[in-house]
Every structure is written in structure tokens, then in C-alpha cells.
There are 2 protein chains.
Amino acid sequence: MTDTLVTVFAALGDETRWSILTALGEGDASASALAGRLPVSRQAIAKHLAVLHEVGLVEPVRAGREVRYRVVGAELAAVARRLEVVGVAWDRRLAAIKEIAEGL
Amino acid sequence: MTDTLVTVFAALGDETRWSILTALGEGDASASALAGRLPVSRQAIAKHLAVLHEVGLVEPVRAGREVRYRVVGAELAAVARRLEVVGVAWDRRLAAIKEIAEGL
DNA sequence: CGTCAATGCAACTATGGGGTTGCAGTAAGC
DNA sequence: GCTTACTGCAACCCCATAGTTGCATTGACG
């Protein structure tokens, strides 16, 4: 269960990839276009896009000779939901311990 | 805004750290105790705990001569909420584009 | 006080991955 | 058809970091 989750987090744990994601958040773009406004080479961006695509955070769309990428917000929301479940479970355990400690 | 978020994801993007977090999810434990049931050395776990502590996912509690760690579910939930906001925003943009494309 | 078990600190290794450059392939447009 | 611009692949560099071992330190407890 958590194996895909970890890879998604690993994908999100990089500044450059967040730059790419937020840039795509303002509109679809190709690797070359992104290379124009980010301080890294096109190939570096292409690698990042491949990583993001593998975890489902981004989707390639062929448009003629260029490949535009679209950000997939639904995937982020899904991850968020799974995260919240885990976090709440941990806090519930803490709350339970607290009650026991207070002799309730 | 996203700078802390990225570091949290970087912290979560590691299998061993997830093992530690899930182990702590079942009950507080010290670095030595965790080293007992995980296939890595105590020092490696200590480093991971330091990382997790820096991003607020875990909290040290001195208990005599040992230091037990408690997982902080609230932090995870907070991250989840921030994530969901971003994801929903991206999807709203997509929905808006779709409406425009459909000439609505 | 002496022993034992736990933590903390430091040096070291090595693998992964972010970044680069270079070149080949491929599709638009004149 | 030729040129141009974008993508794809491959080899390479380098730094961050996950992991190790070794030793010093500190607090419990008989």
C-alpha cells in the first residue's frame, strides 16, 4: 500500500519538480517551454517530467511535434486523502493513550 | 510557502523513514528499540529520527536514560490539507478550461 | 562506586539521482 | 525537399545522503 505513496513523496520532495508543477498549474507546457522559464536545462526537465508522469502527477499530450504536459490535480488530492487517514489514525492512538493515562 | 512542504515530502520520500513512522504509529519507541525490529543500524535510525524531527513529524520524549519518539499525526494531517488545496486548485483550472473549450 | 546499556558524535564509504553536454531522430513549415 | 525546432537517448560529472563502524559520554541501578 505505502510503496506507491513513498514514490509519490519522493517525486514531490524536490524543489525543481515543484517549480515545474506550479508552472504547469498555470497552464500546460512543453519541456522546452518550461526550460525557457526555469533555470535548468531541457533534458533535466524532461527527466523530472518522466518521474512525475510515472507517479501519475502529470500527463503528456502530443500536440503536433511538441509534447505538452498537463498537471493532474486529482492525483494530489488522492494522496492528500490517504495522508490524512494515516495522520488521523496516529492522533487517535495518542488520544486513546491520553484517556487511559487520565484514568478515564 | 512551499519550502517547508518540500522538505516534509523529502522526509516522507524514504522507505526506511516510513517503516520508522509506521512502527512509531503502533507505539512510542527509542532508537535502539526501533533498531531491534528494523534491518538497519541504530545510528542510521537516529539520523532518520533527526530528519523527521526537523520537519515536525516526530517528537522526542526523554524517559530516564532513553529517548522515546512519538509520531505527530497532526503534522501529517496539516500537510494533507495543504496538498488537497493545491490539487483542487489545479483541477479547477482544468475544469474551467474544459468549460471554455466546450463553448459554455 | 562500578558496571551496563543507552545515547551522541565523528569519520568514512558508496550508491542514487539531479544536472550537464552532445548527438541522433522526427515532424512543421516555407 | 530543406531547413528548423522540438523531442529522445546516452554518456558523463558531482554532490547529497543513506548506511556503516568506532569511540566517547551519560544516566540507571545493584
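What's counted below: heavy atoms across the whole structure, side chains too, no hydrogens, waters or symmetry copies. To find a chain, count down the sequence lines: A is the first, B the second, and so on, and within it residues start at 1.
- Scanning both residues, Leu24(A) and Ala29(A), for their nearest heavy atoms gives CD2-N, 3.6 Å.
- Taking atom CD1 of Ile20(A) as the reference point, atom P of dG18(C) lies 10 Å away to the nearest angstrom.
- Nearest-nucleotide positions on DNA chain C for Lys47(B) and Ala31(B) put Ala31(B) closer to the 5' end.
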Each nucleotide N or O in nucleotides 22-25 of chain D that has a protein N or O under 3.5 Å away: list the pair and distance.
unit_1, atom_1, unit_2, atom_2, d
dG22(D), O6, Gln43(B), NE2, 3.1

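- Taking a 4.0 Å limit (strictly below) on heavy-atom distances, residues 50-66 of chain B reaches DNA chain D at Gly64(B), Arg65(B).
- For dG19(D), the OP1/OP2 oxygens have a side-chain nitrogen or oxygen of Thr16(B) closer than 4.0 Å.
- Although no hydrogens or angles enter the test, the distance criterion places a donor-acceptor pair under 3.5 Å between the side chain of Ser41(B) and the main chain of Ala44(B).
- Residue His48(B) places none of its side-chain N or O atoms closer than 4.0 Å to OP1 or OP2 of dT17(D).
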Practice task
Check the pair Leu57(A) / Trp90(B) against side-chain contact (heavy atoms from CB on, under 4.5 Å), numbers first and verdict last.
Solution key: CA-CA 11 Å; Leu57(A) 283 171; Trp90(B) 287 344; 5.6 Å; no
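- Whole-Å rounding puts the Leu12(A) CG to dG18(C) P distance at 12 Å.
- A sub-4.0 Å separation between OP1 or OP2 of dT21(C) and a side-chain N or O of Ser41(A) is absent.
- Within the 4.5 Å cutoff, no side-chain heavy atoms of Val58(B) are placed close to those of His48(B).
- Under a 3.5 Å cut-off, the side chain of Trp18(B) and the backbone N or O of Val6(A) do not form any donor-acceptor pair.
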Problem - Steps toward side-chain contact (heavy atoms from CB on, under 4.5 Å) verdict (Asp91(B), Leu76(A)) - result: CA-CA 10 Å; Asp91(B) 269 356; Leu76(A) 257 201; over 6 Å; no
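- Atom P of nucleotide dA18(D) and atom CG of Asp14(B) are separated by 6 Å, given to the nearest angstrom.
- At least one donor-acceptor pair under 3.5 Å links the side chain of Ser30(A) to the backbone N or O of Ala33(A).
- Listed by first and then second residue, the side chain to side chain donor-acceptor pair (under 3.5 Å) pairs that reach into residues 63-75 of chain B are Glu59(B)-Arg70(B), Glu66(B)-Arg68(B), sequence neighbours excluded.
- Arg17(B) comes within contact range of the sugar-phosphate backbone alone, with a heavy-atom separation under 4.0 Å but no base atom that close.
- The backbone N or O of Val67(A) sits nowhere less than 3.5 Å from a side-chain atom of Arg62(A) that would complete a donor-acceptor pair.
- Rounding to whole angstrom units, CG of residue Leu49(A) and P of dG18(C) are separated by 13 Å.
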